[in-house]
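Please find one structure pasted underneath; my questions will follow.
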2 protein chains.
Amino acid sequence: MATGRTHRPATRSRGIPEATVARLPLYLRALTALSERSVPTVSSEELAAAAGVNSAKLRKDFSYLGSYGTRGVGYDVEYLVYQISRELGLTQDWPVAIVGIGNLGAALANYGGFASRGFRVAALIDADPAMAGTPVAGIPVQHTDDLDRIISDNGVSIGVITTPPGAAQQVCDRLVAAGVTSILNFAPTVLSVPDGVDVRKVDLSIELQILAFHEQRKAGEEAAADGTAAPAADEPAPPVRATPTNRKGPEGDMPAVMPA
Amino acid sequence: MATGRTHRPATRSRGIPEATVARLPLYLRALTALSERSVPTVSSEELAAAAGVNSAKLRKDFSYLGSYGTRGVGYDVEYLVYQISRELGLTQDWPVAIVGIGNLGAALANYGGFASRGFRVAALIDADPAMAGTPVAGIPVQHTDDLDRIISDNGVSIGVITTPPGAAQQVCDRLVAAGVTSILNFAPTVLSVPDGVDVRKVDLSIELQILAFHEQRKAGEEAAADGTAAPAADEPAPPVRATPTNRKGPEGDMPAVMPA
DNA sequence: CTGTGTGAAATTATTCACAGCC
DNA sequence: GGCTGTGAATAATTTCACACAG
């Protein structure tokens with residue numbers, strides 16, 4: 001996450017495993033839906049199904065928070081909503097600033113999912129002077145020059161970067177200098193930040209690439225089963241290494257059809 | 001991932017750990033940047049820094065692909081770009097369809113990062129008849145009624161769902177029925193899919209919630225160090241359980257100031 | 001010498017399975 | 001009797017550290 005050396009573990013927080021933290025929002029979403037339907041209690045099995053995980057994992061996750069269930073009965077929905085919200089820090093209001101109001105930035109500004117969960121879009125910032133003043137999602141866009149002031153005035157500690165990749169690091173540095181300590185980065189760049197600043201990234205094309213990997217694998221298996229030739233595609237000339245040596249990659253340099 | 005029982009591990013694919021697959025796109029991005037700067041070779045240390053991971057992990061990751069480096073020298077950039085691209089299935093063209101052309105769908109349609117890496121937006125689909133024909137990012141929006149035909153005509157195997165949550169499962173079912181086997185889901189819903197279909201999700205508000213968790217933790221530590229009181233916020237009345245029993249949650253029911 | 005490739009160790013995450021409480 | 005909470009078992013991932021190829 002951070003750039004600096006890892007002195008302390010930092011992988012856990014208050015004893016709650018990172019993997020568990022990442023699932024709490026999932027549980028919270030499922031619980032909120034139940035709450036809206038006025039369901040009073042739910043079993044680990046039901047809730048797990050609604051959240052798309054298995055029940056053992058869910059129970060283990062909850063065990064890190066405390067004993068909030070009732071044996072033989074299940075969990076009190078409202079109570080659990082509150083406990084998870086508190087654990088995630090959602091009982092307070094988090095003003096966020098979005099920097100880079102292009103298509104994606106505007107889409108995020110309009111995204112209802114933020115407001116619904118304790119996050120408030122406090123400011124929109126863009127480097128284009130022409131945009132200054134134009135309201136997006138009802139919020140006037142402000143110019144990058146005022147970034148510092150905007151961050152402090154609004155008490156923003158979470159910044160969202162939706163700039164082009166070339167501008168991301170600079171924006172990041174300015175956000176951090178202004179006091180932001182958590183960054184959600186949509187720009188396809190690795191950001192370096194000082195110790196103590198958290199960065200999470202969302203990279204749309206990475207997600208697709210992971211899907212493509214599995215998709216390709218399925219196609220291969222299918223072909224193996226069917227006897228159908230893989231849709232060879234138009235392989236570009238595979239680059240050969242400057243110093244050809246004995247490689248041992250699974251398929252080697254030649255575009256073969258199937259591995260073992 | 002899939003709904004059905006897990007007969008086979010499914011966590012690995014062709015022997016490459018899932019965690020490694022998830023990082024390959026990162027390495028590829030860093031390598032592509034080097035390639036554009038005509039850098040001929042790179043060491044694991046340098047590449048790791050550029051990708052934001054540590055070098056031991058990178059070398060271990062590459063070891064699953066084969067021995068593509070040269071001891072004492074490093075990795076041939078072009079060669080590695082090709083090998084990783086091939087491994088990820090990016091030497092072929094993947095037509096994707098985006099369903100739900102609201103703010104986010106439109107932003108994705110306009111997102112340059114897709115085209116740059118083997119993905120082609122082959123179709124935009126929306127349920128609103130008024131949108132039919134309107135071009136978004138130069139591609140005419142088509143109506144959901146024709147979803148089936150659009151998917152097969154374009155040979156789409158990867159679908160992107162950017163509909164409101166209520167419509168997501170239905171759209172997902174139709175995509176799967178039409179032959180889509182990989183789905184990137186932006187709707188904040190758990191999708192159930194038959195075995196053999198991969199789903200990856202991107203949930204913007206979940207990412208923020210994870211940041212908020214860590215942010216809250218920082219605030220706590222700071223307060224502990226400063227002696228400054230936490231900005232107590234306006235705690236809503238914490239719900240009390242129907243049957244009050246001896247809880248053992250770290251902070252209990254009362255809004256306390258600091259944990260141990 | 002330098003920097004890869006990789007067994008072995010350490011850490012983290014998931015799953016099992018069942019005692020204990022309601 | 002049903003369902004939570006959790007130690008113990010298993011699996012996955014990361015990190016270490018060093019042999020050895022170039």
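Computed from a predicted structure; not experimentally measured. Proteins get letters first, then strands, A, B, ... in listed order; numbering begins at 1 in each.
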In whole angstrom, what separates B:Lys57's NZ from D:dT13's C1'?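 About 8 Å, once rounded to whole Å.
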Between C:dC18, C:dT14, D:dT13, spot the one nearest the side chain of B:Pro17, thanks.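 Per side-chain heavy atoms of B:Pro17, the pick is D:dT13.
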Would a distance-only check, ignoring hydrogens and angles, find a side-chain to backbone donor-acceptor pair under 3.5 Å from A:Trp94 to A:Gly89?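 Answer holds: yes.
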Measuring from the side chain of B:Ala56 (C-beta onward, heavy atoms only), which nucleotide among D:dT14, D:dC16, D:dT6 has the closest atom?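 Nearest to the side-chain atoms of B:Ala56, counting from C-beta on, is D:dC16.
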Given atom CG of B:Asp61 and atom C1' of D:dT15, what is their separation to the nearest angstrom?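 Value for this atom pair: 12 Å.
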How many whole angstroms separate atom CD of A:Glu45 from atom C1' of C:dA17?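 Atom CD in A:Glu45 sits about 14 Å away from atom C1' in C:dA17.
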On the nucleotide D:dT15, are OP1 or OP2 found under 4.0 Å from the side-chain N or O atoms that B:Asn54 carries?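 True: B:Asn54 side-chain N/O within range (under 4.0 Å) of D:dT15 OP1/OP2.
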B:Gln169 side chain to B:Thr189 side chain, donor-acceptor N/O pair below 3.5 angstrom: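 The criterion, which ignores hydrogens and geometry beyond distance, is not satisfied for B:Thr189 and B:Gln169.
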Within the pair B:Ser44 and C:dT4, is there a side-chain N or O less than 4.0 Å away from OP1 or OP2?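 Checking B:Ser44 against C:dT4: at least one side-chain N or O falls below 4.0 Å of OP1 or OP2.
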Measure from CZ on B:Phe62 to P on D:dT13 and round the result to the nearest Å.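 It works out to 17 Å between those atoms.
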If the cut-off is 4.0 Å, is A:Arg23 near the phosphate of C:dT14, judged by side-chain N/O to OP1 or OP2?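 So the side chain of A:Arg23 is within the cut-off, an N or O lying under 4.0 Å from OP1 or OP2 of C:dT14.
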Atom pair distance, as rounded to whole Å: CZ in B:Arg59 and P in D:dA17: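 From B:Arg59 CZ to D:dA17 P: 13 Å.
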Would you kindly give the NZ-to-P distance between A:Lys60 and D:dG5, to the nearest whole Å?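 From A:Lys60 NZ to D:dG5 P: 12 Å.
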Interatomic distance, B:Asp76 CG vs C:dG3 C1' [rounded to whole Å]: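 In whole Å, C:dG3 C1' lies 16 Å from B:Asp76 CG.
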Option from A:Tyr82, A:Phe62, A:Tyr79 for which ring-ring contact (aromatic ring centres under 6.0 Å, His included) with A:Tyr68 holds: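 Exactly one pass, corresponding to A:Tyr79.
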Using modelled atom types only, decide if a donor and an acceptor are shared between the side chain of B:Ser85 and the backbone of B:Val81 within a distance under 3.5 Å.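 Looks like yes, one N/O pair under 3.5 Å.
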May I have the distance from B:Leu58 (atom CG) to C:dG5 (atom P), rounded to whole angstrom?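 Atom-to-atom, B:Leu58 to C:dG5, this comes out as 10 Å.
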Would you indicate which nucleotide in C:dT6, C:dG3, C:dT14 comes nearest to any side-chain atom of B:Ser43?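 Out of C:dT6, C:dG3, C:dT14, the nucleotide with an atom closest to B:Ser43's side chain is C:dG3.
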Test your reading of the model: is there a side-chain donor-acceptor pair from A:Gln209 to the backbone of B:Leu88, 3.5 Å cut-off?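 No, because the side chain of A:Gln209 does not come within donor-acceptor range (under 3.5 Å) of the backbone of B:Leu88.
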Does D:dG5 have its OP1 or OP2 closer than 4.0 Å to a side-chain nitrogen or oxygen of A:Tyr75?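 For A:Tyr75, the contact criterion (side-chain N or O under 4.0 Å from OP1 or OP2 of D:dG5) is met.
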For the side chain of B:Arg71, counting heavy atoms from C-beta on, which of D:dG22, C:dA13, D:dT6 is nearest?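 So the nucleotide nearest the side chain must be D:dG22.
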